Colleague: 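Sending over a structure as structure tokens; questions will come in a sec.
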Amino acid sequence: MRQLKSYLGGQWVSGEAPMSTITSAVTGEAIAETSTRGLDLGAALAHARDVGGPTLRAMSFVERGELLKRLGKIIHANRDELIALSAENSGNTRGDAKFDVDGASGTLAYYGSLGKRLGEGTFLLDGPSEPIGRAPRFVGQHVFVPRRGVAVHINAFNFPAWGMGEKMAVSLLAGVPVLEKPATATAVVTARVVELWDEAGIPAGVISLLAGSAGDLLDHLGAQDVVAFTGSGDTGRIIKSHPRVLALNIPVNIEADSLNAAVLGPDVEVGSDTFQMFLNDVIRDMTQKAGQKCTAIRRVLVPESSVDAVWEEMVERLQTHAMGDISERSTTVSPLSTASQQRDILGGIAELEAAADASWTHPQPCPEPGFWVAPRLFRTDKGIDAPFVHEHEVFGPVSTVVTYSGSADDAVAIVAKGGGGLVSSIYSDDRTWGAEVLLGLAPWHGRLQWGSKKVYDQGVGPGTVLPGFVHGGPGKAGGGEELGGVRGLRFYWQRTAIQGDRALLEKILGKVEA
Ligand code: NAP
């Protein structure tokens, strides 16, 4: 069986027994094992801080960007191998695996280009300088400088390649070395990517990998380190309240649960282009990666007047999707990644069943073996008062149609009942209604998408995270923010106001104009 190793202190190392077993989502059989027990994680962090940090900080943005481009190209060159591993470990169809693997190389390439644009410097000025006294010589200038620690990245099971790539791209461009900790259950792809990078040669200490449980990692954090976490709200709270994090005020970015919504406007006619866009987005999000996307649409708000037509169309489309052999093109819904996800989702489905006014189950029996769950659609006419629907994210091929009056106020109130989300989308060609709903929803979200007739065939859907736009959301979604082009780098930087003689400041900072 494959033994996963961690890449710490520039060495591939294994922990002591007992090992954690990693299973195939398709066969349920063990395919790999790993352990982090007994590994010296304090020394690993110190190596990244002391060796990787100075190397990266000495590199210009252009050079860091070139490194990112190289990392992305290595993933791309080994795409087929990674897609096959993703199928073996996570049970992804080829399309779902590509979404993860290409997402990783694409995000690294995007931040690589951003490095070129940021130029030959190693840090950035933040806005213009401002005079302090009466003499124009004495000024203050804000600067962003890379923190002198390690960025600890703890990721969820659903995107073993992209999850690492999107966090790492931002951190390395900012000038901060990374320690990547993927979810143990799907760490096979992540570990192989780091192995490929190591084989091709990466600067010492810049990238570390912990392939398995976090162990006592957080006990060794230093005051200049940061933690970026993606996963469940419960784990997010444990990390945020870790004594070391609290004592040293270590910045923690959290991407957690989200009850993303799609809202159909009352003006949209069944069968129109805007309607088709709405349907495409909702069905894609229910089926792609078997609904195991943090951005997937969980609640579908539909005006009472068109709910029967919407339900019929959704069922018709969902019936064209099939589970089965993941290597076949005809299979469009993959199994869930782990047995524990399957258990959780079946529990969530039982709760939705009890709360719903109607439900539909994909008629195909689930294949065996493997962690399959058939697509499920629920409907509630209880709007904002519907139990469970606005509280709990069921992380699978599952969505609930929520009927509403069609008023902008009702739409905003119902979506906001989710307590804060990563992304929601609205579909309407009515500018007044659209503006009211969008601006009402904005404080509750990190990202919004407006679907309408002029762009009906343009989008990749709200469920696709794009590196140039922020990913994260307030409240239940964790209160975090990642990506967003240069905005994402700020998490890894300290903003410092430097006051002094303009001429002297210009010597160390470059042009400073009061
Ligand atoms: P999870 O159980 O919270 O695990 C996430 C990560 O945290 C894993 O790497 C896990 O490691 C690690 N972890 C667990 N306990 C820890 C601790 N005490 N200290 C440090 N690290 C710890 O979540 P998951 O099962 O992977 O993902 C499930 C949920 O994540 C989904 O239901 C979804 O809501 C959410 N999610 C959100 C986003 C987003 O971008 N907002 C994306 C994907 C998923 P081990 O695997 O070794 O236990």
Side-chain angles (χ1 to χ4, degrees), residues 6 20 36-37 39-46 48-49 147-159 163-164 166-168 170-171 174 176-185 187 208-259 294 338 340-341 344 347-348 390-393 395 418-422 443-446 470-483 488 490-495:
S6 294
S20 303
T36 59
R37 206 177 298 264
L39 296 178
D40 187 345
L41 303 184
L45 287 172
R49 247 178 244 130
R147 297 174 70 90
R148 302 237 162 176
V150 187
V152 172
H153 293 158
I154 301 175
N155 269 313
F157 71 90
N158 54 343
F159 284 101
M164 170 169 69
E166 60 101 23
K167 283 184 169 60
M168 170 187 286
V170 186
S171 183
V176 180
V178 296
L179 184 143
E180 300 294 329
K181 193 230 135 346
T184 304
S208 306
L209 169 78
L210 186 63
S213 157
D216 64 358
L217 176 67
L218 301 183
D219 294 339
H220 302 286
L221 290 173
Q224 287 279 306
D225 298 338
V226 298
V227 180
F229 165 80
T230 296
S232 63
D234 289 344
T235 310
R237 277 183 287 280
I238 292 173
I239 292 173
K240 213 170 172 176
S241 54
H242 187 279
R244 187 94 180 148
V245 167
L246 292 176
L248 300 179
N249 292 312
I250 292 167
V252 178
N253 191 79
I254 295 185
E255 303 288 342
D257 317 335
S258 183
L259 289 153
C294 49
T338 65
S340 77
Q341 280 294 315
D344 280 4
H390 308 297
E391 282 138 39
H392 198 89
E393 182 189 28
F395 209 65
L422 297 171
W444 295 96
H445 293 84
V470 293
H471 173 57
K476 196 177 184 70
E481 188 178 286
E482 293 182 332
L483 298 170
R490 292 190 181 175
F491 179 65
Y492 300 96
W493 282 338
Q494 173 62 36
R495 181 179 1 223

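For clarity, every value in this text was computed on a predicted model and none was experimentally measured. The figures that follow rest on heavy atoms only: side chains count, while hydrogens, waters and symmetry mates do not.
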Colleague: Are the side chain of Ser171 and the backbone N or O of Val176 linked by a donor-acceptor pair below 3.5 Å?
Modeller: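 Yes, because the side chain of Ser171 sits within donor-acceptor range (under 3.5 Å) of the backbone of Val176.
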
Colleague: For a 4.5 angstrom cut-off between non-hydrogen side-chain atoms, does Phe491 reach Val226?
Modeller: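 Touching, per the 4.5 Å side-chain cut-off.
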
Colleague: Say you draw a straight line from CD of Glu255 to CG of Leu483; how long is it, rounded to the nearest 0.5 Å?
Modeller: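 The CG atom of Leu483 is 8.0 Å from CD of Glu255, to the nearest 0.5 Å.
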
Colleague: Can you tell me how far apart CD (Glu393) and OG (Ser232) are? Round to the nearest 0.5 Å.
Modeller: 10.0 Å

Colleague: Suppose the criterion is salt bridge (charged side-chain N to carboxylate O under 4.0 Å, His left out): which pairs have a residue in residues 211-226, not counting sequence neighbours?
Modeller: Arg49-Asp225

Colleague: For the pair Phe395 and Asn158, evaluate side-chain contact (heavy atoms from CB on, under 4.5 Å) and give the outcome as yes or no after the intermediate values.
Modeller: CA-CA 10 Å; Phe395 209 65; Asn158 54 343; 3.4 Å; yes

Colleague: Quick check for you: to the nearest 0.5 Å, what is the distance between Glu481 atom CD and Leu422 atom CG?
Modeller: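 The CG atom of Leu422 is 11.5 Å from CD of Glu481, to the nearest 0.5 Å.
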
Colleague: Just verifying a value: how many Å separate Met168 CE and Asn155 CG, rounded to the nearest 0.5 Å?
Modeller: 10.0 Å

Colleague: Which atoms form the tightest heavy-atom contact between Cys294 and Ser258, and what is the distance?
Modeller: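 Heavy-atom minimum between the residues: O-CB, 3.9 Å.
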
Colleague: Taking salt bridge (charged side-chain N to carboxylate O under 4.0 Å, His left out) as the cut-off, I'd like each qualifying pair that reaches into residues 234-244, sequence neighbours left out, listed once.
Modeller: Asp234-Arg237

Colleague: Would you check if Leu45 and Ser208 make a side-chain contact, meaning some heavy-atom pair closer than 4.5 Å?
Modeller: no

Colleague: How long is the straight-line distance from CD1 of Ile154 back to CD1 of Ile239, given to the nearest 0.5 Å?
Modeller: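 Atom-to-atom, Ile239:CD1 and Ile154:CD1 are 4.0 Å apart.
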
Colleague: So, does Thr36 use its side chain to make a donor-acceptor pair with the main chain of Ser213 at under 3.5 Å?
Modeller: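 Indeed, once roles are kept as given, a pair shorter than 3.5 Å links the two residues.
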
Colleague: Between Lys181 and Ala211 (side chain of the first, backbone of the second, donor and acceptor by atom type, cut-off under 3.5 Å), is there such a pair?
Modeller: no

Colleague: Heavy-atom distance under 4.5 Å between the side chains of Lys167 and Asn253, does that happen here?
Modeller: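 Sidechains of Asn253 and Lys167: no contact.
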
Colleague: In Å, rounded to the nearest 0.5 Å, how long is the span from NE2 of His242 to CG of Leu218?
Modeller: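 Interatomic distance, His242 NE2 to Leu218 CG, rounded to 0.5 Å: 4.5 Å.
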
Colleague: Ignoring hydrogens, what is the shortest heavy-atom contact between Val152 and Leu217? Give both atom names and the distance.
Modeller: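 Result for this residue pair: CG1-CD2, 3.7 Å.
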
Colleague: Which pair of non-hydrogen atoms, one from Val150 and one from Ala48, has the smallest distance, and what is that distance?
Modeller: CG2-CB, 3.8 Å

Colleague: Please find the pair of heavy atoms, one from Arg147 and one from Gln224, that lie closest to each other, and give the distance.
Modeller: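 Heavy atoms only, the tightest pair is NE-O, 3.2 Å.
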
Colleague: If you take all heavy atoms of Leu210 and Leu179, which pair is closest and at what distance?
Modeller: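 Between these two residues, the closest heavy atoms are CB-CD2, 4.0 Å.
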
Colleague: Over all heavy atoms of both residues, which pair between Tyr492 and Ala174 is shortest? Give the atoms and the distance, please.
Modeller: CB-CB, 3.6 Å

